[in-house]
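Since the structure is predicted, the reported quantities are computational estimates derived from the model, not experimental observations.
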Amino acid sequence: MSSYHIDPLKGLNGQQLQAVEATEGAVLVLAGAGSGKTRVLAHRIAHIIQKGDAKPWQILAVTFTNKAANELRERVAAIAPDGNQVAAGTFHSMMLRLLRREHKAAGFPQDFTVFDSDDSKRLVKIILNEMNEDRFRPNYVHSAISRLKNDFIPPDQCAEEAQTPRDTMIANVYKEYQEKIARFAAMDFDDLLSRPIEVFRNHPMVLNFWSNRWRYILVDEFQDTNRVQFELVQTIAGPRGNLFVVGDDDQSIYSWRGARVENIFQFKEKFDGAQIFRLERNYRSTQPILDLAHSVVSNSIQREAKKLWTERTDGKKPTAIGLTTDIDEVREVVDRIAREVMSGKRSYKDFAILYRTNDQSQLFEDALRARRFPYQVIGALKFLDRKEIRDILGYWKLILNPRDDVALRRIVKEPPRGIGDTTIDKLVKWARENDSSLTEALSKAHQVPGLNSRAVNTCRKFGAELEKWREGLKEKDLGVWAQQMIEETGYLERLEKEGSFEAEGRIGNLERLVSSITAHAEENDTGLRGYLEEVTLATDVDRMDDSADSVFLMTLHASKGLEFPIVFVTGLEAGLFPLENQEQQVENMDEERRLFYVGVTRAEDELFLTYAKQRRRWGQTRYTTVSNFLREIPKESVNWEGLHPYSENQVRTMSLDMFQSGGGWDSSTRNTSASNSASIRATGRARVNPDDIPAIHVGDLVEHERYGQGIVATLTRFRETHKVTVQFDHGFQTFVQDKARLQPVKKFK
DNA sequence: TACATGTCCGTTTTT
DNA sequence: CGGACATGTA
């Protein structure tokens with residue numbers, strides 16, 4: 001074997017080096033946030049390749065996102081030959097690949113469909129309707145079933161162990177669900193993990209093949225694996241046990257979807273003689289940020305004691321900012337970004353805005369759009385979740401898999417084509433009695449009892465149309481095919497007729513869908529199926545474009561594994577973060593705490609924590625109190641600005657200057673929003689009399705006689721002078737407000 | 001069968 | 001507040 005192209009061990013510290021060079025057997029790396037674990041993974045893989053222990057494609061690397069898998073492959077490729085051939089991906093995508101090959105052993109046709117959670121929920125709903133069961137909501141039942149599957153409990157066992165009528169009902173639905181989904185030749189997300197285990201148990205030869213193929217297995221983010229996933233890696237690794245897992249119990253944030261932190265703690269027991277390494281040196285953040293993170297996460301009830309350290313001891317102290325309303329919070333955050341970007345110190349991509357719930361993104365988006373700042377929202381109201389997109393994807397799924405009744409029922413009335421509920425009911429009945437699919441029922445509608453001749457014709461016509469699209473797929477270019485079939489469905493026509501603003505948007509989305517599949521077809525030869533798979537298994541973060549210079553907005557969950565120079569953790573209010581359910585209970589305080597820890601440790605240089613005393617949610621304004629996480633931070637670990645959550649007496653002992661400039665925090669809720677906005681904008685500067693506020697606000701569209709229209713980026717007041725900076729198309733320009741005669745054109749909100 | 005109107009509901013985080 | 005669903009009517 002040739003020597004390293006680049007010395008792969010160069011630059012690793014002692015702890016990292018030990019982990020990388022660990023030889024055979026099971027290895028657990030307890031890697032703190034920012035401790036360079038991705039690097040360790042890449043070097044470990046390169047090390048295996050270079051030693052000649054395995055070919056790249058004999059190494060399975062499981063990551064939490066496909067993006068992480070790509071990055072890992074690139075890193076390995078940079079230090080080891082053919083490093084990009086490492087089998088890397090998420091559990092779901094790797095197991096799907098395996099199942100396509102082993103479909104016979106799994107008892108499925110090769111082109112089985114993958115149900116996303118929307119499909120699964122629809123199926124649950126159909127079953128509940130059929131069973132005349134209306135005591136429980138489809139969502140609730142679906143998540144119960146999903147949890148059972150994640151714990152590898154089959155329907156029969158579930159029925160046996162049922163304690164209450166509710167359990168029995170769930171067991172019944174679960175059973176029916178499994179039968180139906182199999183009849184539809186489909187697998188849901190959970191099946192993608194549990195079916196391979198079944199295959200391995202029932203077909204030792206198959207297991208033998210894959211165990212031999214994947215001689216080394218590496219798993220990242222091990223704290224967020226569930227039971228099925230642990231079982232999977234254990235099974236594939238087999239007695240050889242060449243398993244290298246990396247995780248951090250402090251960053252376990254997915255227990256609500258079945259992840260088990262215990263997987264980390266039980267690792268040593270399950271793998272006798274496992275080696276354990278700890279990476280506690282942080283390479284990402286400054287010491288003040290780490291101190292703050294530690295002060296909150298160390299209050300966790302259950303936790304492996306550890307503390308990160310860094311050589312970056314000189315950083316800025318994190319800032320906590322209290323605001324009056326959610327709008328003010330948005331304005332404050334966006335103002336700060338504007339100031340940093342304008343001064344040339346930072347670019348947009350240096351900033352991440354993190355929040356607990358997706359719907360918090362909306363206000364930030366509005367503000368950023370109003371100022372024409374480039375931004376990317378990761379996740380949130382996903383393109384693929386839009387109704388029109390899902391409808392067309394439904395057509396495509398059905399075209400690929402005629403047995404997919406869920407897809408057919410989804411699209412048969414979109415757009416309306418003369419097949420209504422009564423007809424569908426008759427088709428469903430016939431299909432059940434004749435053990436066939438709804439697609440078959442369509443084309444054999446003449447055999448279905450109770451249908452009049454008009455209904456029979458409509459059904460058969462639609463069946464033939466589906467068949468035609470199916471045939472067309474074989475001949476035509478995918479993009480062209482997609483374009484044509486969307487037109488032929490009449491979907492576009494209906495939207496055009498509607499003519500509303502909303503319908504325009506939907507048409508635009510469909511156009512985007514066509515260009516997306518066209519682009520996919522140009523780069524891949526996986527066809528429609530490949531496109532659908534990519535679309536269903538892609539994680540939110542996978543769609544992130546990190547080459548673009550834009551502000552990043554995402555949930556705290558989505559931020560895992562990422563890093564940014566400046567991070568805003570927003571909405572730090574009781575009830576919101578930590579988040580309470582409808583019963584006003586925090587379901588898992590430790591996990592919320594860890595989520596906070598994850599968010600905070602994304603920051604490299606600067607960290608801002610914000611909360612608003614007043615927030616609009618579900619169309620109602622609520623008054624909030626500050627998050628206990630903010631209260632737990634020691635006074636000396638954070639600078640307070642704006643409103644202060646503590647009583648006046650306490651405040652005076654803390655930071656008097658902010659108290660004065662922000663103007664009475666405890667009286668804040670009584671103020672009108674206009675005067676509050678003023679005091680917030682004045683935060684940290686001279687005290688401002690609300691009467692002095694100019695008629696122009698940050699975010700306003702203004703007109704200048706010479707430069708034309710622009711957006712107000714910042715307002716600064718120093719003594720008597722008001723300065724205003726405006727972003728024009730050609731760039732930023734600062735004026736003394738009284739002299740520039742800027743005319744407001746339209747106010748932002 | 002299709003559409004209009006009214007009502008109810010949930011509203012975390014995601015592969 | 002917005003979407004999904006139910007109900008009533010053309």
Q: Without decimals, in angstroms, what is the distance between A:Phe64 CZ and B:dT15 P?
A: 8 Å

Q: Salt bridge check: are A:Arg593 and A:Glu632 linked by an N-O gap of less than 4.0 Å?
A: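 Salt bridge present between A:Arg593 and A:Glu632.
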
Q: If you measure from the Lys or Arg side-chain nitrogens to the Asp or Glu carboxylate oxygens, is any gap between A:Lys413 and A:Asp421 under 4.0 Å?
A: yes

Q: Among A:Asp220, A:Asp248, A:Asp224, A:Asp250, find the one that has a salt bridge (Lys or Arg N to Asp or Glu O under 4.0 Å) with A:Lys560.
A: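 Answer after filtering A:Asp220, A:Asp248, A:Asp224, A:Asp250: A:Asp224.
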
Q: Check A:Asp118 with A:Arg410, please: is the shortest side-chain N to carboxylate O separation under 4.0 Å?
A: yes

Q: Consider only side-chain N and O atoms of A:Thr536 and A:Asp116, and report whether a donor and an acceptor are under 3.5 Å apart.
A: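 Per modelled atom types, A:Thr536 and A:Asp116 side chains form no pair under 3.5 Å.
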
Q: Could you list the protein-to-nucleotides 2-8 of chain C atom pairs, N/O on both sides, closer than 3.5 Å?
A:
residue	atom	partner	partner atom	Å
C:dC5	OP1	A:Lys125	NZ	2.1

Q: To the nearest Å, how far apart are A:Glu414 CD and B:dC3 P?
A: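 Atom-to-atom, A:Glu414 to B:dC3, this comes out as 10 Å.
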
Q: Can you confirm whether A:Trp396 sits close enough to A:Leu393 that some side-chain heavy atom of one is under 4.5 Å from a side-chain heavy atom of the other?
A: yes

Q: Within the 4.0 Å limit for protein heavy atoms, which parts of nucleotides 7-13 of chain B are touched? Write it as a string from 5' to 3', B for base, S for sugar-phosphate only, - for none.
A: --SSBBB

Q: What is the distance, rounded to the nearest whole Å, between atom CG of A:Asn66 and atom C1' of B:dT14?
A: 13 Å

Q: Take the protein atom CG of A:Asn226 and the nucleotide atom C1' of B:dT14, then report the distance between them rounded to whole Å.
A: 12 Å

Q: Please report the distance, rounded to the nearest Å, between CD in A:Glu533 and P in B:dT15.
A: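 These atoms are roughly 16 Å apart.
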
Q: If you measure from the P atom in B:dT13 to the same atom in C:dA4, how many Å do you get, rounded?
A: 16 Å

Q: For A:Arg417, which contact category applies under a 4.0 Å heavy-atom criterion: base, sugar-phosphate, or nothing?
A: sugar-phosphate

Q: Report yes if the side chains of A:Arg506 and A:Lys387 come closer than 4.5 Å at any heavy-atom pair, otherwise no.
A: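 Heavy-atom side-chain distance check passes, below 4.5 Å.
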
Q: If I take atom CZ in residue A:Arg147 and atom C1' in nucleotide B:dT14, what distance separates them, rounded to the nearest angstrom?
A: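 Roughly 14 Å, once rounded to whole Å.
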
Q: Just N and O in the side chain of A:Thr539: are any of them under 4.0 Å from OP1 or OP2 of B:dT14?
A: no

Q: Tell me which of A:His92 and A:Ile424 sits closer to the 5' end of DNA chain B, going by the nucleotide each one is nearest to.
A: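 The 5'-side residue here is A:Ile424.
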
Q: Any ion pair linking A:Arg622 and A:Glu573 (charged N to carboxylate O, less than 4.0 Å)?
A: no

Q: When the distance from CG of A:Asn150 to P of B:dT14 is rounded to whole Å, what number comes out?
A: 16 Å

Q: So what does A:Ser93 hit on the nucleic acid, given a heavy-atom distance under 4.0 Å: a base, only sugar-phosphate, or nothing?
A: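 Touches nothing.
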
Q: Could you state the CD-C1' distance from A:Glu534 to B:dT15, rounded to the nearest angstrom?
A: 15 Å

Q: For A:Lys67, check salt bridge (Lys or Arg N to Asp or Glu O under 4.0 Å) against everything at least two apart and list the hits.
A: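 Applying salt bridge (Lys or Arg N to Asp or Glu O under 4.0 Å) to A:Lys67 gives A:Glu71, A:Asp546.
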
